[in-house]
There are 2 protein chains.
Amino acid sequence: MAALLVIEDDDRIRLSLALALEDEGHAVREASTAEDGLIAQRKDPADAVLVDLMLPGVDGFECIRELRRTDDVPIIVISARSDTHDIVAALEAGADDYVVKPVAVKELSARLRAVNRRVRPAASPVPALVFGELEIRPEAGEVRLHGEPVAVTRTEFRLLCELAEHAGRVLSRQQLLERVWEYSIGDERLVDVHVGRLRQKIEENPAAPRHLVTMRGLGYKLLR
Amino acid sequence: MAALLVIEDDDRIRLSLALALEDEGHAVREASTAEDGLIAQRKDPADAVLVDLMLPGVDGFECIRELRRTDDVPIIVISARSDTHDIVAALEAGADDYVVKPVAVKELSARLRAVNRRVRPAASPVPALVFGELEIRPEAGEVRLHGEPVAVTRTEFRLLCELAEHAGRVLSRQQLLERVWEYSIGDERLVDVHVGRLRQKIEENPAAPRHLVTMRGLGYKLLR
DNA sequence: CGAAATCATGACGAATCAATGACAACCCTG
DNA sequence: CAGGGTTGTCATTGATTCGTCATGATTTCG
């Protein structure tokens, strides 16, 4: 649904949170310190940041203020502490919401949507398409693997988008030719070549693809 | 601080909440049913609405949906129930925040401020668009690099603003022609030329642009 | 098992695309 | 009306990308 940045020092909590959020369809990047989080957000802005308050070194409050200095990104605090004082301080520092651990992922997702509704009233909600470690951002014209941008050509990108739009469904070479290339006639081998090139770029092991799968005799499909 | 509407059927809670909020400097109106609340809000809109979920007759969820149908007012749910299901349902119905009773007034005030900050971006006229060392001030018609003003021409400035407004998104040459030049027809190479000139001015190394990047086959985009 | 069908992949020339410098037309402004 | 700055057009150049083909691998099925 969106690209998130989770800043949390406890590995177990961070990992389980990240996993759960990915299940909800978000693309999650992680940081275990405020410093790392700030750098990550500067280098590659997420659509929302989830931050713990108790962090080693620079703490959560400072982290929020620093984020707010340059960035208007929605910030949700996730803290074990439910003191009014902390809540008020975090919100005053610039956070948009504050939830107390343990938190249900469904609730978190709903709160993210609520904040986002306010934050981008007009911006078209083009969600990133997430396939595990693979992210596709149609509006940015960009593909990422493990959060790292991958250079794909225009045809590869269109092909990938077409497959992603119908994730899980088999598309025949004929269908792909019509939709990506806009020919009705043409060599179906052409699709193979581009699928091959795409695999070299987006699959960890192109010989045993996990996402861009061949359905022998039928065509190709993209899996999560 | 602001005009609030409290919709809550329990007299004791409503009154004590109203008193406490008035102590915080808010002007509070009260309603004990969803119907009364909706009428009150229609007749004389408050700046924010606090609503209980369990109301006699029309319940809180319905009340939120009805408010949202015509009004963009911030809505904070105040409920005794802390089920994830209720929280998600209330947020999905259009609420901006959800707090569980009993709630500290200081917290409530802070949450109101947090929501309001999002709801009236009008307070800040036009935020300077900051892309690392590059700043664009649309209202001042000026561009700065490392804080130093950079002379850009009118067309370059418009082009830059257009890209900045959709930061991170690819804009095709066609889109840029339409929005910056207001032609629908025209030579797309024109865009290239101006992008090139802009790069000479705003990029440290125009040959390896860090902000104004080319998306081959797609168009251009501006990165942070 | 072996043949046929299907798919993967590397190589290569052709086609496409973007960057840039040169230049003339067109502003303004003094 | 003269001159500096700005704008749009064009041609050239270099790089990337595309589509085709040939070859080798893999699967299917008789």
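Values in this document were obtained by computation on a predicted structure and should not be read as measured data. The chains referred to below are lettered A, B, ... by the order of the sequence lines, with proteins before strands, and numbering in each begins at 1.
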Interatomic distance, [X] [atom1] vs [N] [atom2] [rounded to whole Å]:
{"X": "R199(A)", "N": "dT9(C)", "atom1": "CZ", "atom2": "C1'", "value": "11 Å"}
{"X": "L159(B)", "N": "dT7(D)", "atom1": "CG", "atom2": "P", "value": "11 Å"}
{"X": "L198(A)", "N": "dG19(D)", "atom1": "CG", "atom2": "P", "value": "14 Å"}
{"X": "D192(A)", "N": "dG24(D)", "atom1": "CG", "atom2": "P", "value": "18 Å"}
{"X": "H194(B)", "N": "dG5(D)", "atom1": "NE2", "atom2": "C1'", "value": "13 Å"}
{"X": "E156(A)", "N": "dT16(D)", "atom1": "CD", "atom2": "C1'", "value": "11 Å"}
{"X": "K201(A)", "N": "dT16(D)", "atom1": "NZ", "atom2": "C1'", "value": "10 Å"}
{"X": "E188(A)", "N": "dA5(C)", "atom1": "CD", "atom2": "P", "value": "16 Å"}

Quick check on [N]: is either OP1 or OP2 less than 4.0 Å from any side-chain nitrogen or oxygen of [X]?
{"X": "R173(A)", "N": "dC7(C)", "result": "yes"}
{"X": "R154(A)", "N": "dC17(C)", "result": "yes"}
{"X": "Y220(A)", "N": "dA8(C)", "result": "yes"}

From C-beta outward on [X], which listed nucleotide comes closest to its side chain: [options]?
{"X": "W181(A)", "options": "dG19(D), dT9(D), dC7(C)", "result": "dG19(D)"}
{"X": "Q200(A)", "options": "dA19(C), dT9(C), dA8(C)", "result": "dT9(C)"}
{"X": "T153(B)", "options": "dT9(C), dA18(C), dT6(D)", "result": "dT6(D)"}
{"X": "T214(B)", "options": "dT7(D), dT9(D), dA18(C)", "result": "dA18(C)"}

By ring pair (Phe, Tyr, Trp, His ring centres under 6.0 Å), which residues pair with H166(B), not counting sequence neighbours?
none
Just call it for [X]: base, sugar-phosphate, or nothing, with non-hydrogen atoms closer than 4.0 Å on any strand.
{"X": "R189(B)", "answer": "base"}
{"X": "R197(B)", "answer": "base"}
{"X": "F157(A)", "answer": "nothing"}
{"X": "V193(A)", "answer": "base"}

How close do L171(A) and R179(A) get, counting heavy atoms only, and between which atoms?
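Scanning both residues, the minimum pair turns out to be CD2-NH1, 4.0 Å.
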Evaluate whether atom CZ of R210(A) has more than 12 neighbouring non-hydrogen atoms of other residues, nucleotides or ligands under 6.0 angstrom away.
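It does not: R210(A) CZ has 12 such atoms or fewer within range.
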Partners passing salt bridge (Lys or Arg N to Asp or Glu O under 4.0 Å) against R68(A) (at least two apart in sequence or in another chain)
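Residues passing salt bridge (Lys or Arg N to Asp or Glu O under 4.0 Å) with R68(A): D96(A).
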Just verifying a value: how many Å separate L198(B) CG and H211(B) NE2, rounded to the nearest 0.5 Å?
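One finds 11.5 Å between CG of L198(B) and NE2 of H211(B).
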Could you grab the distance from atom CZ of R169(A) to atom CG of L218(A), nearest 0.5 Å is fine?
14.5 Å
Any donor-acceptor N/O pair under 3.5 Å between dT28(D) base and R216(A) side chain
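No.
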Any salt bridge linking E135(A) with R29(A)? Criterion: basic side-chain nitrogen under 4.0 Å from a carboxylate oxygen.
yes
H85(B) backbone acceptor or donor facing D83(B) side chain under 3.5 Å
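No: the side chain of D83(B) does not pair with the backbone of H85(B).
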Angle between terminal axes - the helix from dC1(C)-dG30(D) to dG30(C)-dC1(D), 5 pairs each end, rounded to 10°:
30°
